[in-house]
2 protein chains.
Amino acid sequence: MTPTPTPAAQENWLRLDNQICFSLHAASRAFNSVYRVILKDLGLTYPQYLVMLVLWEHGDLPVKKLGEHLRLDSGTLSPLLKRLEGAGFVRRERSTVDERSVEVRLTEEGAALRERAVEVPRRITVATGFDIDGIRELRTRLDELTTALDAAALSDTPGCS
Amino acid sequence: MTPTPTPAAQENWLRLDNQICFSLHAASRAFNSVYRVILKDLGLTYPQYLVMLVLWEHGDLPVKKLGEHLRLDSGTLSPLLKRLEGAGFVRRERSTVDERSVEVRLTEEGAALRERAVEVPRRITVATGFDIDGIRELRTRLDELTTALDAAALSDTPGCS
DNA sequence: CACAATTCAATTGGGCACAACTAAATGGCC
DNA sequence: GGCCATTTAGTTGTGCCCAATTGAATTGTG
C-alpha cells in the first residue's frame with residue numbers, strides 16, 4: 001500500500017503528529033465557530049470578546065497591559081481596538097502621564113454589554129459537552145502544553161539531529 | 001469591590017469561561033509559533049504543512065477531498081494552494097474527466113520534501129513536553145470537544161434563556 | 001542640557017480563516 | 001435537445017495573527 005521504503009516507525013510518527021497538531025487546530029476553529037454564532041448578538045468577534053473579558057475583569061488598561069493578558073502584540077490589538085472603538089464599546093485615550101501609552105477605557109455601552117454577556121459562558125460550556133471537572137482538566141493540560149511550547153519556541157533546538 | 005448586583009456565581013462562570021476558551025486559543029497560537037520556527041527550513045507554513053501531510057499520506061487529491069480531510073473550504077485552500085504551487089511543491093491540474101474538479105498533485109520537489117519533513121514530528125513531540133500517552137489522551141479529549149462543538153454550532157440553540 | 005538606549009503604539013506586509021458570491025461544468029428531468 | 005438544480009473552484013471582503021519597521025516619548029548618563 002505504501003510504496004516508499006521509509007521505515008514504519010517514521011510513518012507512525014508522521015501520523016501521530018498529524019493527529020495532535022491537527023486536533024488542536026480543528027478544536028480551535030470549532031470553538032471559534034461556536035463563539036461566532038453566540039457572540040453575533042453582542043456584535044463581537046471571539047478575540048474582541050476576549051478583550052472585553054479582560055477589561056470587565058481588570059478595568060481600564062493600557063494597550064501594553066492588555067497585550068500581556070492576552071499574549072497579543074500591538075499589530076493585532078491596534079486594529080482590533082479601533083473596531084471596538086468604532087462599535088462604541090471602548091475609547092482609546094493617550095495617557096497624560098506617559099504620552100507613549102494609550103489607555104483603553106470601557107464606555108457606558110461597553111460596560112453595559114457585560115450584562116448581556118453573562119449568559120455566554122454557560123452556553124459555551126453546554127456546547128462543549130464537558131462537565132466542570134472535564135473542562136478544568138482540559139484547561140490544565142492545555143496550559144501545560146502552552147507553557148512547554150513557549151519554552152521550546154525560545155530555546156528552539158534547531159540543531160537537533 | 002464589584003458595584004454590580006450580579007451574583008457571585010455568574011462571576012465564576014465568566015472567569016471559568018475565560019480560562020477554557022483562552023487556554024485553547026493560547027495553546028493553538030503557541031503550537032503555531034513552534035511550527036513556524038521548525039517549518040521555516042522547509043519553506044512551509046503550518047497550514048501548508050498540513051496540506052502536504054495529507055498529500056503525502058493519500059497521494060494526489062482534488063481540492064474538494066483535500067478540503068474534507070482538513071475541514072477547510074476553497075476560500076482558504078485556493079490561495080494557499082497557489083502559494084504551494086508558486087513554491088514548486090504541487091501542481092494544480094484541472095481534471096479531464098470532470099472539468100469542475102482540480103487535481104492537486106505533488107511535484108518531484110514536493111514528494112522529496114517528505115524526507116526532510118520526517119524529523120519534524122519528533123521535534124514537535126519533544127517541544128510539547130508530553131509523552132506518547134499524554135498526547136494520545138489530549139488528542140482524544142480535543143476530538144471529543146470538536147465533535148461536540150460542531151454539533152452545537154449546527155443546532156445553535158439561540159433561544160436559550 | 002545633550003545624547004543614547006529603551007519603551008510603547010502604530011503601521012505595513014504576508015498569510016490564514018470564513019462568509020457570501022460568481023462562474024463554469026455536470027447530471028437529471030421533461 | 002433544452003432547462004434547472006447541484007457540484008466544484010475561484011473571488012472578494014472582513015477579521016485575526018505575527019514579524020519587522022517606524023516614530024514619538026521617556027529614561028538614563030555624562
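The analysis underlying the following values was restricted to heavy atoms, covering all of them including side chains, and did not include hydrogens, waters or symmetry mates.
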Just jot down the ring-ring contact (aromatic ring centres under 6.0 Å, His included) partners of A:Phe31, sequence neighbours excluded, or say none.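 Counting only residues at least two positions away or on another chain, A:Phe31 forms a ring-ring contact (aromatic ring centres under 6.0 Å, His included) with A:Tyr35.
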Taking atom [atom2] of [N] as reference, at what distance in whole Å does atom [atom1] of [X] sit?
X       : N      : atom1 : atom2 : answer
B:Leu70 : C:dA17 : CG    : P     : 9 Å
B:Arg36 : C:dG15 : CZ    : C1'   : 9 Å
A:Arg94 : D:dT26 : CZ    : P     : 10 Å
A:Lys65 : C:dT7  : NZ    : P     : 13 Å
A:Met52 : D:dC16 : CE    : P     : 13 Å
A:Leu44 : D:dG15 : CG    : P     : 12 Å
A:Arg71 : D:dA19 : CZ    : P     : 12 Å
B:Leu50 : C:dA17 : CG    : P     : 8 Å

Pick the nucleotide of DNA chain C nearest each of A:Glu68 and A:Ser33; which residue has the one closer to the 5' end?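 Of the two residues, A:Glu68 wins.
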With nearest nucleotide decided by heavy atoms, which residue, A:Val102 or B:Asp98, maps closer to the 5′ end of DNA chain C?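 Closer to the 5' end of DNA chain C: A:Val102.
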Of A:Val97 and A:Tyr46, the one whose closest DNA chain D nucleotide lies more 5':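 So the residue in question is A:Tyr46.
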Closer to the 5' end of DNA chain D via nearest nucleotide, is it A:Pro47 or B:Lys40?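 In this pair, the answer is A:Pro47.
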Check whether any side-chain nitrogen or oxygen of A:Thr45 sits under 4.0 Å from OP1 or OP2 of D:dC16, and answer yes or no.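 Looking at the OP1 and OP2 atoms of D:dC16, one of them is under 4.0 Å from a side-chain N or O of A:Thr45.
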Tell me whether the OP1 or OP2 atom of C:dA25 has a side-chain N or O from B:Ser101 closer than 4.0 Å.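 It does not, given that no N or O in the side chain of B:Ser101 lies less than 4.0 Å from OP1 or OP2 of C:dA25.
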Provide the full list of side-chain hydrogen bond (donor to acceptor under 3.5 Å, both in side chains) pairs with a residue in residues 61-70 of chain B, sequence neighbours left out, each pair given once.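 Listed once each, the pairs would be none.
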Every protein N/O within reach of nucleotides 2-4 of chain C N/O, cut-off under 3.5 Å:
none

Which parts of residues 23-32 of chain A get close to DNA chain D, meaning a heavy atom less than 4.0 angstrom away?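 Going residue by residue through residues 23-32 of chain A, none turns out to have a heavy atom under 4.0 Å of DNA chain D.
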Within the distance-only criterion (no hydrogens, no angle test), does the side chain of B:Thr146 pair as donor or acceptor with the backbone N or O of B:Leu142 below 3.5 angstrom?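 Looks like yes, one N/O pair under 3.5 Å.
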For a quick test of reading the model, state the closest non-hydrogen atom pair linking A:Ser28 to B:Ser28 and the distance between them.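 Heavy-atom minimum between the residues: OG-OG, 3.5 Å.
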Among the candidates C:dC18, D:dC16, C:dC16, find the nucleotide nearest to the side-chain atoms of A:Gln48.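 That would be D:dC16.
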Where the side chain of B:Pro62 is defined as all heavy atoms beyond and including C-beta, which of C:dA9, D:dA9, C:dC16 is the nearest nucleotide?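 The nucleotide sitting nearest to the side chain is D:dA9.
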Salt bridge (Lys or Arg N to Asp or Glu O under 4.0 Å) involving [X] - partner list, sequence neighbours excluded:
X        : result
A:Arg94  : none
B:Arg91  : B:Glu93
A:Arg116 : none

Please tell me if the side chains of B:Val120 and B:Leu39 come closer than 4.5 Å, counting only heavy atoms from C-beta onward.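 Yes, their side chains come closer than 4.5 Å.
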Using side chain to side chain donor-acceptor pair (under 3.5 Å) as the criterion, list what pairs up with B:Arg136, not counting sequence neighbours.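 None.
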Table of protein N/O atoms under 3.5 Å from nucleotides 5-7 of chain D N/O atoms:
| unit_1 | atom_1 | unit_2 | atom_2 | d |
| --- | --- | --- | --- | --- |
| D:dT7 | O4' | B:Arg100 | NH1 | 3.4 |
| D:dT7 | O2 | B:Arg100 | NH1 | 3.1 |

In Å and rounded to the nearest 0.5 Å, what is the CG to CG distance from B:Leu70 to B:Leu50?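 Going from the CG atom of B:Leu70 to the CG atom of B:Leu50 covers 6.0 Å.
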Out of curiosity, B:Ile38 CD1 to B:Lys40 NZ, how far, rounded to the nearest 0.5 Å?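 These two atoms lie 12.0 Å from each other.
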Can you find a donor-acceptor pair, distance only, under 3.5 Å between B:Ser74 side chain and D:dG10 base?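 Between D:dG10 and B:Ser74, which were checked side chain against base, a qualifying N/O pair under 3.5 Å is present.
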Please collect all salt bridge (Lys or Arg N to Asp or Glu O under 4.0 Å) contacts where either partner lies in residues 139-148 of chain A, sequence neighbours excluded, each pair once.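 As it turns out, the salt bridge (Lys or Arg N to Asp or Glu O under 4.0 Å) pairs with a partner in residues 139-148 of chain A, which skip direct neighbours, are A:Glu137-A:Arg141, A:Arg139-A:Asp143, A:Arg141-A:Glu144.
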Which residue pairs pass the salt bridge (Lys or Arg N to Asp or Glu O under 4.0 Å) test with at least one member in residues 42-63 of chain B, sequence neighbours excluded?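 Those involving residues 42-63 of chain B are A:Arg15-B:Glu57, B:Asp60-B:Arg105.
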Close approaches to DNA chain C from residues 76-83 of chain A, in residue order (heavy atom, under 4.0 Å):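 Residues of residues 76-83 of chain A that come under 4.0 Å of DNA chain C are, in numerical order, A:Ser78, A:Lys82.
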